[in-house]
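One structure is given here, and the rest of the page talks about it.
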Amino acid sequence: MEPMDIVGKSKEDASLPKATMTKIIKEMLPPDVRVARDAQDLLIECCVEFINLVSSESNDVCSREDKRTIAPEHVLKALEVLGFGEYIEEVYAAYEQHKLETMHDSLKGGKWSNGAAMTEEEAAAAQQRMFDEARARMNGGVTAPKQPETNQSLKS
């Protein structure tokens, strides 16, 4: 598959974050092993190509079933068709783990939640402060003085 084989995308548009991939590569190797920059780039390109290959085959499997949305089963079948059947069990286990983690995150309020719920008024005030600070930075690099936080529960 050539870099422009991805519908309307250039090679740069279809890449993976270099820092993240470098971290993954380093985590898989013993600490005393170094990886040349060219080797890192090649591994990243291999990952992109693998994703393109599995995505394309998953789409074919999905189309053969007259479906319009690629489901996890389509990806697993694509892995089998492409000769990666020995990895299906491990991939499925990773998928199940991801589902559990995602469900756990959504139950505790998502990745942006800090565990403490804000009232609507507190959220609106915080949002306004952030807007004011951003506006001040945009208008000359001076931030607006922070307003003291008011605790609505103490004002009864």
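For this chain, numbers begin at 1 and follow the sequence in order. Hydrogens, waters and symmetry mates play no part in the numbers below; they use all other heavy atoms, side chains included.
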Verify the cluster assignment for Val75 and Val91: are they in a single hydrophobic cluster under the rule of side-chain heavy atoms below 4.5 Å apart?
yes
Check against ring pair (Phe, Tyr, Trp, His ring centres under 6.0 Å), Tyr87 and Tyr92:
CA-CA 9 Å; Tyr87 298 102; Tyr92 187 75; over 10 Å; no
Heavy atoms only: give me the nearest Ile70-Cys62 pair and the separation to one decimal.
N-SG, 3.9 Å
pair Lys23-Lys26: side-chain heavy atoms closer than 4.5 Å:
no
Linked, directly or transitively: Val61 and Ile88 (ILVMFWY side chains, under 4.5 Å)
no
d(Leu76 CG, Ser58 OG) to nearest 0.5 Å is 8.5 Å
Could you give all pairs that pass the side chain to side chain donor-acceptor pair (under 3.5 Å) test and reach residues 65-79, with sequence neighbours left out?
Glu65-His74
Would you find a donor on one side and an acceptor on the other, under 3.5 Å apart, between the side chain of Ser56 and the backbone of Asn52?
no
How many angstroms lie between atom CD1 of Ile51 and atom SG of Cys46, to the nearest 0.5 angstrom?
11.5 Å
Treat each ILVMFWY residue as a node, draw an edge where side-chain heavy atoms are under 4.5 Å apart, and state whether Val48 and Leu42 are in one component.
no
Asp132 and Arg129 ion-paired at < 4.0 Å
no
Distance, nearest 0.5 Å, that separates CD of Glu86 from CD of Glu80:
12.0 Å
Glu90 atom CD, over 12 foreign heavy atoms within 6.0 Å:
no
Do Ile44 and Lys18 have side chains that approach each other closer than 4.5 Å (heavy atoms only, starting at C-beta)?
yes
Hydrophobic clusters here meaning ILVMFWY residues chained together by side-chain heavy-atom distances under 4.5 Å, can you tell me if Leu16 and Ile24 are in one?
yes
SB check Glu57 Arg64 (cutoff 4.0 Å)
yes
If hydrophobic clusters are built by linking Ile, Leu, Val, Met, Phe, Trp and Tyr wherever their side-chain heavy atoms come under 4.5 Å apart, do Tyr95 and Val81 end up in the same one?
no
Can you find a heavy atom in the side chain of Asp41 that is under 4.5 Å from one in the side chain of Glu45?
no
